[in-house]
Amino acid sequence: MLRKTVCFFGFFGLILCLWMCKSLPDLNAFVTTPSPSDNAMDSAKIALGKALFFDTRLSLDNTINCASCHKPGLAFTDGKKTSTGINGQKTERNSPSLLNAAFLPTVMFDAHLKTLELQVIVPIQESTEMGHNMRTLIPILRSVPEYQKAAEEIYGRDFDAWVLTRSIAAFERSLLSMSSPYDHFMNGDSSALTKKERAGYKIFSEKLYCTECHVPPNFTNYEARNNGLYMDYGSDKGRFRIKQDSSQMGHFKVPSLRNVEYTAPYMHDGSFASLEQVIDHYAKGGAGHQLQDPLIQPFTLTKKEREALVSFLMTLTDLSFAARL
Ligand code: HEC
Ligand code: HEC
């Protein structure tokens, strides 16, 4: 009887293990996630970074945390045209997804900041976002016993800006999304995409020119390009503002299209509410800005082809990270 019982539970244990292993993130990808030599990943660091990411004390009036504008359930975007910081102030731009940010060689729509560590300071000190400054913020966070203790244990030092920026960046590097139906298909499961979705990928990559900039596997070439959004970019001229270089007018970072189902509204200013509008933009060949990338050319798609294209873009959805948080 005992043997039978052990055998019974052993069998179910195996099934449970197989099922759980299947739902785990791709560990190989995790191991190869780039992390700088001065900020190796470790679980205590990621846990501290996560606590800080969700802590409203990072904002001057204790109302806003990083997740206010980067919500896990919306692929770390906020669903708004432009975001809202302290005192109801509006930011200039749409909040980008933080998933797979570990792979970005440069961050922000101007593709100008070289590390996630450097980026952390920007929203904290930006008056329309968290409105704090590091000099007053650090003593506040140091006085939180769990933070000070973690800083001593992990970094062997008092809680300071180094600890803050390294920990949040390590947490961000742990936000991986690479277990979508598209990934399962690429890993050999031919049933992961329907015929329509496969036809959509062919349109995206062969009939059209999308993969020239939205290059798999992360669906970006990590460059700043002008996709002809406007004839006149008005007050936000993109990367131009970094060095006043007129050849960079209207250049914005090519965003990853992973989880694009959840990152609406689209573009740096959230000007398109739907993927239909995005496709309309490209189909008319862009607005015709003088620096518009020559790749952007007009095209026509049948209703069926459009539907297939959108259905393919939906196969890039993998929100399993949200359940793991
Ligand atoms: C008030 C809203 C708001 C808050 C709060 C906020 N962000 Fe952002 N975040 C944005 C917007 C908008 C951008 C795009 C800015 C740009 O490109 O000029 C952005 C960009 C980023 C990027 C660059 C991503 C990329 O793809 O280039 C990272 C990383 C990031 N934020 C992390 C954080 C972290 C960490 C915090 C908390 C310390 C935070 N954000 C707080 C709105 C916010
Ligand atoms: C020349 C490079 C280039 C090509 C080719 C290109 N894109 Fe883009 N794409 C961009 C850039 C740059 C942005 C961001 C522009 C901005 O923020 O204002 C963008 C943004 C997007 C977005 C919005 C994503 C988001 O989260 O905001 C979608 C969707 C998109 N492109 C789909 C496509 C499709 C579909 C095609 C093929 C028809 C295509 N792109 C071809 C450069 C390109």
Side-chain angles (χ1 to χ4, degrees), residues 49 52-56 58-59 64-70 75-78 80 82-86 89-101 104 106-113 115-116 118-126 128-132 164-165 168-169 171-172 175 203-205 207-214 219-230 233 236 238 241 250-260 262-272 274-275 277-279 281-283 286 292-297 299 301 309-310 312-313:
L52 291 162
F53 189 88
F54 288 97
D55 193 334
T56 52
L58 266 63
S59 67
I64 304 278
N65 56 24
C66 304
S68 304
C69 303
H70 301 286
F76 291 86
T77 65
D78 62 7
K80 296 179 185 158
T82 58
S83 307
T84 312
I86 58 166
Q89 295 177 91
K90 278 286 174 199
T91 60
E92 212 181 354
R93 291 179 174 169
N94 178 258
S95 149
S97 173
L98 304 187
L99 288 167
N100 300 337
L104 298 177
T106 54
V107 298
M108 305 303 241
F109 275 110
D110 305 315
H112 67 298
L113 293 181
T115 66
L116 288 170
L118 273 176
Q119 194 282 334
V120 172
I121 300 164
V122 179
I124 293 175
Q125 302 212 135
E126 172 61 52
T128 59
E129 297 189 24
M130 301 171 118
H132 228 313
L164 173 71
T165 54
I168 291 185
F171 169 64
E172 292 177 299
L175 303 174
I203 294 164
F204 181 78
S205 58
K207 180 173 168 122
L208 304 178
Y209 44 74
C210 314
T211 43
E212 298 283 335
C213 293
H214 299 285
F219 293 85
T220 168
N221 56 4
Y222 305 108
E223 290 169 11
R225 301 286 272 266
N226 180 322
N227 76 339
L229 186 59
Y230 297 115
Y233 278 82
D236 191 350
R241 73 178 177 185
H251 281 57
F252 292 89
K253 186 193 67 178
V254 177
S256 165
L257 300 186
R258 285 186 174 264
N259 299 295
V260 74
Y262 286 87
T263 63
Y266 303 108
M267 307 298 170
H268 70 276
D269 55 357
S271 49
F272 293 143
S274 66
L275 287 173
Q277 287 175 9
V278 173
I279 297 172
H281 160 76
Y282 286 111
Q292 175 179 309
D293 200 287
L295 281 166
I296 315 281
Q297 295 294 333
F299 58 78
L301 293 179
L309 176 57
V310 172
F312 162 68
L313 292 171

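If you're wondering where the values come from, they're calculated on a predicted model, not measured in any experiment. Remember, it's 1-based here, ligands and their atoms both numbered in the order they're listed. The first residue in the sequence is number 1, and the count goes up from there.
- The protein atom (non-hydrogen) at minimum distance from atom 39 (C) of ligand 1 is P123 CG, 3.5 Å.
- For ligand 1, the atoms closer than 4.0 angstrom to any heavy atom of N94 are 12 (C), 14 (C).
- If you number the atoms of ligand 1 from 1 as listed, the ones under 4.0 Å from a heavy atom of I168 come out as 35 (C).
- In terms of protein heavy-atom proximity, atom 23 (C) of ligand 2 is closest to Y266 CB, 3.8 Å.
- The shortest N/O to N/O separation between H70 and ligand 1 falls below 3.5 Å.
- Here the side chains of D236 and D269 are not in contact, with every heavy-atom distance at 4.5 Å or above.
- Among protein heavy atoms, atom 3 (C) of ligand 1 sits closest to C69 SG, 2.7 Å.
- Distance from atom 42 (C) of ligand 2 to its nearest protein heavy atom, with residue and atom name: N227 CB, 3.7 Å.
- Looking at Q119, H112, H132 and measuring to atom 32 (C) of ligand 1, the nearest heavy atom belongs to Q119.
- Around atom 15 (C) of ligand 2, the closest heavy atom drawn from H281, M267, H251 belongs to M267.
- The proximity of K253 to ligand 1, defined as any non-hydrogen pair under 4.0 Å, is limited to the side chain.
- Classification of E92 and R241 as a salt-bridged pair holds, one side-chain N sitting under 4.0 Å from a carboxylate O.
- Of all the heavy atoms of L104, the ones lying under 4.0 Å from any atom of ligand 1 belong exclusively to the side chain.
- Within the 4.5 Å cutoff, the side chain of E126 has no heavy atoms near those of the T91 side chain.
- Heavy atoms from both the backbone and the side chain of V107 come within less than 4.0 Å of ligand 1.
- Counting the atoms of ligand 1 from 1 in the order shown, those under 4.0 Å from a heavy atom of G85 are 1 (C).
- At least one donor-acceptor pair under 3.5 Å links the side chain of T220 to the backbone N or O of V254.
- Here I296 has side-chain heavy atoms under 4.0 Å from ligand 2, and that is the only part of it that gets that close.
- Of the candidates E129, M108, R93, E126, it is R93 that places a heavy atom closest to atom 18 (O) of ligand 1.
- In summary, the atoms of ligand 1 found under 4.0 Å from a heavy atom of E172, numbered by their order in the structure, are 29 (C), 32 (C), 35 (C).
- Between the CZ atom in F53 and the CD atom in E172 there is a gap of 6.0 Å [rounded to 0.5 Å].
- Taking a cut-off of under 4.0 Å to the non-hydrogen atoms of L275, the atoms of ligand 2 that pass are 29 (C).
- Only side-chain heavy atoms of L98 come within less than 4.0 Å of ligand 1; its backbone N, CA, C and O stay farther off.
- Each of the following atoms of ligand 1 lies closer than 4.0 Å to a heavy atom of I64: 5 (C).
- Within the listing of ligand 2, atoms 18 (O) sit less than 4.0 angstrom from a heavy atom of L229.
- In terms of protein heavy atoms, atom 37 (C) of ligand 2 is closest to C210 SG, 1.9 Å.
- Listed by number with element, the atoms of ligand 1 under 4.0 Å from a non-hydrogen atom of N65 are 5 (C).
- Taking a cut-off of under 4.0 Å to the non-hydrogen atoms of T84, the atoms of ligand 1 that pass are 1 (C).
- Numbered from 1 in the order shown, with element, the atoms of ligand 2 that lie under 4.0 Å from a heavy atom of H268 read 16 (C), 17 (O), 18 (O).
- Close contacts of ligand 1 with L116, meaning ligand atoms under 4.0 Å from a residue heavy atom, involve 29 (C).
- With a 4.0 Å heavy-atom cut-off, ligand 1 is reached by no atom of V122.
- Of the protein's non-hydrogen atoms, the one nearest atom 17 (O) of ligand 1 is F109 N, 2.7 Å.
- Judged purely by distance below 3.5 Å, without hydrogens or angles, the side chains of N94 and Y266 never pair a donor atom with an acceptor atom.
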| message | Could you walk me through whether D293 and Y209 satisfy the side chain to side chain donor-acceptor pair (under 3.5 Å) test, starting with their C-alpha distance in whole Å, then the side-chain angles of each, then the deciding distance to 0.1 Å, before giving a yes or no? | response | CA-CA 12 Å; D293 200 287; Y209 44 74; over 6 Å; no

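- A distance-only check finds a donor-acceptor pair linking the side chain of S95 to the backbone of C69 [under 3.5 Å].
- Residue contact check: D293 has heavy atoms under 4.0 Å from atoms 1 (C) of ligand 2.
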| request: Using the side chain to side chain donor-acceptor pair (under 3.5 Å) rule, take K90 and T84 through it: C-alpha gap first, then chi angles, then the decisive distance, then the call. | output: CA-CA 5 Å; K90 278 286 174 199; T84 312; 3.1 Å; yes

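- Residue-level proximity to ligand 2 for L257 is carried by the side chain, the only part with a heavy atom below 4.0 angstrom.
- Atom NE2 in H281 sits 6.0 Å away from atom CD1 in I296 (nearest 0.5 Å).
- Contacts between F272 and ligand 2 below 4.0 angstrom, taking non-hydrogen atoms only, are absent altogether.
- Under a 4.0 Å criterion applied to the non-hydrogen atoms of R225, ligand 2 contributes the atoms 12 (C).
- At a cut-off of 2.8 Å, C66 does not coordinate atom 8 (Fe) of ligand 1 through any N, O or S atom.
- Take atom 8 (Fe) of ligand 2 as the corner point: the lines to NE2 of H214 and to OH of Y282 open at 180°, to the nearest 10 degrees.
- Nearest-residue assignment for atom 20 (C) of ligand 1 (options G131, G238, P96; heavy-atom criterion): P96.
- Pairing each heavy atom of H112 with each of T106, the nearest pair is N-CB, 4.2 Å.
- In terms of protein heavy-atom proximity, atom 26 (O) of ligand 2 is nearest to T263 OG1, 3.2 Å.
- The residue among P255, C213, S205 with a heavy atom at the shortest distance from atom 43 (C) of ligand 2 is C213.
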